[in-house]
Visitor: 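Structure in structure tokens, see below.
Every chain is numbered from 1 and lettered A, B, ... according to where its sequence line falls, protein lines coming before strand lines. Remember, predicted model here, so these are calculated numbers, not experimental data.
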Amino acid sequence: MSRIAARFADLAARGRTALIPFVTAGDPDLATTVPLMHAMVAAGADLIELGVPFSDPMADGPVIQRASERALAHHTRLRDVLDLVRQFRARDAATPVILMGYLNPVESMGYAGFAEAASAAGVDGILLVDAPPEESGELVTLLRQAGIDLVYLLAPTSDEDRIRKIGAVASGFVYYVAVKGVTGAGHLDLADVNAKLTAIRRLIPLPVGVGFGIKDAETAGQVAAMADAVIVGSAIVGRIEALTMKPEHIPGAIGDFLAGLRAAIDATDRARGLK
Amino acid sequence: MATNRAEAYHWPDARGHFGPYGGLFVPETLMRPLDELRQAYEHYLQQPEFLAELDADLRDYVGRPSPIYHAERWSRELGGAQIYLKREDLNHTGAHKVNNTIGQALLAKRMGKTRIIAETGAGQHGVASATVAARLGLECVVYMGEIDVARQEANVYRMRLLGAEVVSVKSGSRTLKDALNEAMRDWVTNVDNTFYIIGTVAGPHPYPAMVRDFQAVIGRESRAQMLERVGRLPDALVACVGGGSNAIGLFYPFLDDREVALIGVEAAGEGIETGHHAAPLCAGRPGVLHGSRTYLMEDPDGQIIETHSVSAGLDYPGVGPEHAWLKDSGRAQYVSVTDAEALAAFHVLTRTEGIIPALESSHALAQVIKLAPTLRPDQLILVNLSGRGDKDMHTVAAQEGLQL
Ligand SMILES: Cc1ncc(COP(=O)(O)O)c(C=O)c1O
């Protein structure tokens, strides 16, 4: 069983909804990322999504675009990101790490070389925003062989056909994008999200995480009532941005913010447990 | 058209691939909208009523067919082949871009979309989009890199006059590629009511094929006009390549005419060797950007690098995937000319023929200056004069140290 599958199985047994924070690797500098990852785990993160910076993040809103620009300003490369994961693994063998990004840096490294290097570094899953299953046959095969889970996005526009198609290749969990839009956009409609999750669950037997548009503890608590995982990105990255001049304060500040989200999610989980 | 049916050109395949290039590399939210677009495009491009409306618009609104013009004086001066210009500069709005925006806007209307978005570099595609939006009463938002807004201010004003909102894009390199990113983000957000008119043969399937099909009117007319005027096909076609739409529009109807050489001209900027250029086919390598696999300008880590060209419309780090395939398959050749060579050609055509070309088109003309003297006087070159130079007055004046 993969580290991601094991983590979700354990959470399900404990009636706990996962909290998955997203941060961009190397933002604002390489030295901050690993301490930040440990602080997030200490504050209640169950899995971590680590963004691989890209020059043309077309699915991201301004907050995560700027994080990519900050990381690229000092040339954070894919191999540096893998190195950060290796450092994190030295002290944490249990928390799954999912790399999230765009295809071209992976293509540039070469699929086989990437699969091998990512597996050796301790990466558990990959989510490539612009690599739908139709276009990623070879990559899927190589990542599977390397024991890496393939996490895919599902969107409000995904019909049954697409949900099935993605269900056929996805492993670990699937990620439902709760709003039509880029990361950090708008507000999500909980009733819509709930209806879509029901449709997804009917067709895909994996845990379902919900992200895009979760900005505060209240929404996190509400989404926890329907999802297996609550994914929060821009709200965290925006707080990192405010502290770029004082990077030593970032792990503590983000830890505090996550603790608030965690408490709201726990409250939902407890209420559900009582029912 | 085809001489040998069995070998006739047949790309893209059903999933939008040109050999290993093209495809559909987009976020999940866009998969279904792109499929809907593909279905509409495949349906309407077979439908006589749609095609009749398109033809009527191209005739009465754009002014097609555009003439071919024998540049006799220039041919004589170069002392080689006879040079013919395909006069896309005479189209309404001043460039070939409108052939495509007319087509896509008619599709948008058929699909019930009320809002149009577009990206633009030189502003020609933005103007052409704002123009058709005004005519059809559609809301129009044009994304343009901050640097391009500054160097193409006349076109920015034209778009605003036409009722479009011009959004200055401040992310990344603040040029065409970033405008495309921003337009994609808008589309992901407003996909229910919005039609994204991409201005060149780049992007995810079906855009490269669809834009090509709308621009192929250039090549169809040229082929018939050359046969009628000269009684035979040209020996070489020459066109500039930014994303590649005017080039593919000219080349496509000639792909099965093996005896016709196809030459695409990229922007070498300050020179390929300086790294300051916009020539992915000549100096890049394959990768994935903006929804398709194609040749790109990227660094060793797969980050897209900044391009340079004096011409905003060529200042793009990628290229349409069909050109990538035509390059690899050997059917077309791709070369590059520098800013300085393009500017020289700009002045030569202006002084010799009384035609002021766009700086983009001047790249094709610069290649003709190299090519024509190597051919005999009974050989024929047809060059795509993709647009007129009015929009470039400020840039050219600035090169001479003048301010208008
Ligand atoms: C006059 C003109 N020619 C050529 C181009 C380059 O585009 P493409 O390569 O798609 O024809 C542009 C783009 O703005 C243009 O305005």
Visitor: Apply salt bridge (charged side-chain N to carboxylate O under 4.0 Å, His left out) to A/Lys165 and list each qualifying residue two or more places apart in sequence or on a separate chain.
Guide: A/Glu134
Visitor: Could you check if a side-chain atom of B/Leu289 sits within less than 4.5 angstrom of a side-chain atom of A/Tyr102, using non-hydrogen atoms only?
Guide: no
Visitor: Using every non-hydrogen atom in the two residues, find where A/Asn104 and B/Glu298 come nearest and quote the distance to one decimal.
Guide: ND2-OE1, 3.0 Å
Visitor: Who wins among A/Glu69, A/His75, A/Gln65 for the most heavy-atom pairs under 4.5 Å with chain B?
Guide: A/Gln65
Visitor: Are B/Met31 and A/Ser158 packed together at the side-chain level, in the sense that at least one heavy-atom pair is separated by less than 4.5 angstrom?
Guide: no
Visitor: For the CD atom of B/Glu306 and the OG atom of A/Ser55, what is their distance to the nearest 0.5 Å?
Guide: 9.5 Å
Visitor: Hey, is CD on A/Glu116 packed in by over 12 heavy atoms from elsewhere, all under 6.0 Å?
Guide: no
Visitor: Rounded to the nearest 0.5 Å, what's the gap from CD on B/Glu28 to OH on A/Tyr175? Could you check?
Guide: 13.5 Å
Visitor: Sort out for me which of A/Pro57, A/Pro156, A/Ala59 touches chain B most, counting heavy-atom pairs under 4.5 Å.
Guide: A/Pro57
Visitor: What part of B/Pro300 lies closer than 4.5 angstrom to a heavy atom of chain A: side chain, backbone, both or neither?
Guide: backbone
Visitor: Looking only at non-hydrogen atoms, find the nearest pair between A/Pro105 and B/Gln303 and report the distance.
Guide: CG-NE2, 4.3 Å
Visitor: To the nearest 0.5 Å, how far apart are CG in A/Asp161 and CZ in B/Arg32?
Guide: 11.0 Å
Visitor: Among B/Asp35, B/Val191, B/Val26, which residue forms the greatest number of heavy-atom pairs with chain A at distances under 4.5 Å?
Guide: B/Val26
Visitor: In this structure, are over 12 heavy atoms from other groups packed under 6.0 Å from B/Arg110 atom CZ?
Guide: yes
Visitor: Should B/Leu30 and A/Thr157 be marked as a side chain to side chain contact (heavy atoms under 4.5 Å, CB included) after you check the CA-CA gap, both sets of side-chain angles, and the distance that decides it?
Guide: CA-CA 8 Å; B/Leu30 292 179; A/Thr157 53; over 6 Å; no
Visitor: Looking at A/Pro62, A/Gly61, A/Ala155, which has the largest count of heavy-atom pairs under 4.5 Å with chain B?
Guide: A/Ala155
Visitor: What's the separation between atom CG in A/Asp56 and atom CG in B/Leu296, rounded to the nearest 0.5 Å?
Guide: 9.5 Å
Visitor: Under 3.5 Å, is there a donor on one side chain and an acceptor on the other for B/Arg285 and A/Ser108?
Guide: yes
Visitor: Say you draw a straight line from CE of A/Met109 to CG of B/Asp301; how long is it, rounded to the nearest 0.5 Å?
Guide: 8.0 Å
Visitor: Is the closest basic N to carboxylate O distance between A/Lys180 and B/Asp192 below 4.0 Å?
Guide: yes
Visitor: Who in residues 119-131 of chain A is close to chain B, using a strict under-4.5 Å heavy-atom cut-off?
Guide: A/Val129, A/Asp130
Visitor: Which residues from residues 174-185 of chain B are near chain A, with near meaning under 4.5 Å between non-hydrogen atoms?
Guide: B/Lys177, B/Asp178, B/Asn181, B/Glu182, B/Met184, B/Arg185
Visitor: Would you check if the side chain of A/Glu135 reaches a backbone N or O of B/Leu24 as a donor-acceptor pair within less than 3.5 Å?
Guide: yes
Visitor: If you take all heavy atoms of B/Phe25 and A/Met58, which pair is closest and at what distance?
Guide: O-CE, 3.8 Å
Visitor: Which one wins on heavy-atom pair count under 4.5 Å against chain B: A/Val177, A/Leu78, A/Leu154, A/Asp60?
Guide: A/Asp60
Visitor: My understanding is that only residues two or more places apart in sequence, or in another chain, count here; which of them pass salt bridge (charged side-chain N to carboxylate O under 4.0 Å, His left out) with B/Glu266?
Guide: none
